[in-house]
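Just below is one structure, and these are the notes that go with it.
In this chain, numbering begins with 1 at the start of the sequence shown.
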Amino acid sequence: MTLNPAPNSFRTGPDERGRFGIFGGRFVAETLMPLILDLEKAYADAKADPSFKADMESYGTHYIGRPSPLYYAERLTEHLRAKAPAGQGAKIFFKREELNHTGSHKVNNVLGQILLARRMGKPRIIAETGAGQHGVATATLCARFGLKCVVYMGAVDVERQAPNVFRMKMLGAEVIPVQSGTRTLKDAMNEALRDWVTNVSDTFYCIGTVAGPHPYPAMVRDFQSVIGIETKQQMLEMEGRLPDSLIACIGGGSNAMGLFHPFLDDRDVEIYGVEAAGHGVQSGLHAASLTGGRPGVLHGNRTYLLMNEDGQIADAHSISAGLDYPGIGPEHAWLHEMGRVTYLSATDAETLEAFKLCSMLEGIIPALEPAHALSKVMELAPTKPAEHLMVLNLSGRGDKDIPQVAQIFGQTL
Ligand SMILES: *Cc1c(COP(=O)(O)O)cnc(C)c1O
């Protein structure tokens with residue numbers, strides 16, 4: 001069902017109330033409203049200030065290590081061509097966000113929000129985290145700028161992700177285990193929102209993905225768009241034209257929005273988002289909000305969610321803690337309904353195959369999150385002509401996943 005007429009541009013959203021069609025918005029307690037309006041104004045001012053842009057670029061270059069390379073994955077390309085009919089098999093490129101400081105794309109967004117917090121004079125930063133990648137990126141930037149950092153993390157995730165908990169503490173952050181609900185990411189986000197309303201004067205809430213109330217989904221997207229802007233320029237330099245397709249994994253959807261957004265109005269570019277299908281969407285044990293969920297309200301915005309029959313938020317399941325979120329950014333929900341982006345899903349088993357293949361063929365151990373998208377590259381690439389240029393967003397490196405994968409393969413470390 002399409003609720004809006006096709007727009008002239010897919011890049012104009014959100015509207016002044018933070019809506020992408022019927023999605024997004026700001027469904028928050030009255031007490032939070034002044035904070036959100038403050039943030040919206042501060043972000044608008046920063047966007048118009050050349051010195052903010054200059055700071056983003058300077059720290060982006062010297063601290064994060066941007067631009068990240070666009071890399072031709074030659075052996076993977078050849079491997080998949082060998083399985084394709086003659087003349088077929090796309091040329092595959094990796095956008096290498098795993099080479100960023102702290103090992104994933106998360107830091108692009110955190111840098112933007114921390115520079116904004118400094119402009120606003122907020123000395124205390126709070127964040128939610130699931131697998132711990134956003135928590136580590138936030139703790140890192142807080143250490144760099146001498147800000148107090150408090151990270152909310154579900155108690156279950158604290159257990160599962162011990163190395164990242166230690167990392168955050170090394171960086172000087174306080175990690176608070178959250179005991180409510182399922183004691184995972186959604187509960188950590190609830191707790192962080194509660195903290196924010198009680199500490200209005202000195203606290204900045206640094207959200208880790210394109211979710212939450214307006215202006216977060218648009219702001220986080222803007223900070224991550226450096227991925228797509230660089231990709232466009234790099235592909236023009238390497239191949240003299242735009243890519244034919246883009247593909248990225250989706251937890252909340254920030255690495256995907258960052259790659260996709262600059263290309264949304266290039267209508268010839270096919271765009272694919274890949275959700276986590278866990279044990280399979282039919283099994284009920286998955287994190288595929290678009291494929292297996294329906295619209296509702298969570299964490300201040302309307303979007304597709306995993307819910308039970310009573311409308312209670314259901315548990316998400318994925319092999320990858322970073323995709324284990326029962327919702328999806330509202331702009332993705334809108335792009336799904338507009339038909340501009342095609343959303344697929346990958347199971348745990350398909351993901352592990354892709355994880356192995358990438359390691360063996362390219363000498364790159366990917367995080368389990370982008371391995372979901374890679375498994376769909378393995379399906380799609382052989383169906384495309386040989387001149388088709390396909391870009392995978394390699395959102396993070398696999399070091400954090402080594403203990404878990406070793407256990408699955410029955411190895412002890
Ligand atoms: C957190 C994370 C994701 C999922 O988050 P998005 O907001 O959907 O990008 C994907 N990949 C990696 C490496 C992550 O750390």
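Side-chain N/O atoms of R66 and T61 include no donor and acceptor closer than 3.5 Å. In summary, the side chains of N393 and H105 do not present any donor paired with an acceptor at a separation below 3.5 Å, with no hydrogens or angles considered. Neither side chain, Q113 nor Y205, offers a donor N or O lying under 3.5 Å from an acceptor on the other. Defined by atom type and a distance below 3.5 Å, a donor-acceptor pair is present between the side-chain atoms of Q133 and N164. Checked by atom type, the side-chain pair R221/N109 shows no donor-acceptor distance below 3.5 Å. Checked by atom type, the side-chain pair S395/E369 shows no donor-acceptor distance below 3.5 Å.
Rounded to the nearest 0.5 angstrom, L323 CG and S318 OG are separated by 4.5 Å. Rounding to the nearest 0.5 Å places CG of L70 at 5.0 Å from CE of M235. Taking CD from E379 and CG from L344, the interatomic distance works out to 8.0 Å, rounded to the nearest 0.5 Å.
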For K95 and S68, what are the C-alpha separation, side-chain angles and deciding distance, and is it a side chain to side chain donor-acceptor pair (under 3.5 Å)? CA-CA 7 Å; K95 179 60 172 163; S68 71; 3.0 Å; yes
D266/K232 under side chain to side chain contact (heavy atoms under 4.5 Å, CB included): CA gap, chis, key distance, verdict: CA-CA 11 Å; D266 299 305; K232 218 173 211 193; 2.9 Å; yes
Could you check H101 against T140 for side chain to side chain donor-acceptor pair (under 3.5 Å), going step by step and ending with a plain yes or no? CA-CA 9 Å; H101 181 41; T140 297; 5.0 Å; no
Does N190 form a side chain to side chain donor-acceptor pair (under 3.5 Å) with H299? I'd like the steps, not just the answer. CA-CA 7 Å; N190 286 334; H299 297 144; 3.2 Å; yes
Start with the C-alpha gap between Y43 and F223, add the side-chain angles, then the distance that decides, and say whether ring-ring contact (aromatic ring centres under 6.0 Å, His included) holds. CA-CA 11 Å; Y43 177 53; F223 291 145; 5.6 Å; yes
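Note that K186 lies outside the cation-pi zone of Y325, set by a 6.0 Å cut-off to the ring centre and a 45° limit from the axis. Seen from the ring of Y272, K376 does not count as a face-on cation partner, given the 6.0 Å and 45° thresholds.
Using a 4.5 Å heavy-atom threshold, the side chains of Y304 and F23 count as touching. Contact check for R119 versus L115: no side-chain heavy atoms found under the 4.5 Å cut-off. Q312 places none of its side-chain heavy atoms less than 4.5 Å from the side chain of M307. Contact annotation: the side chain of H286 approaches that of L306 to within less than 4.5 Å [non-hydrogen atoms, C-beta and beyond].
With respect to the salt-bridge test (charged N to carboxylate O, under 4.0 angstrom), the residues K384 and E270 qualify.
Taking both residues in full, the closest heavy atoms of A354 and L374 are given as O-CD2, 3.5 Å, listed atom of the first, atom of the second, then distance.
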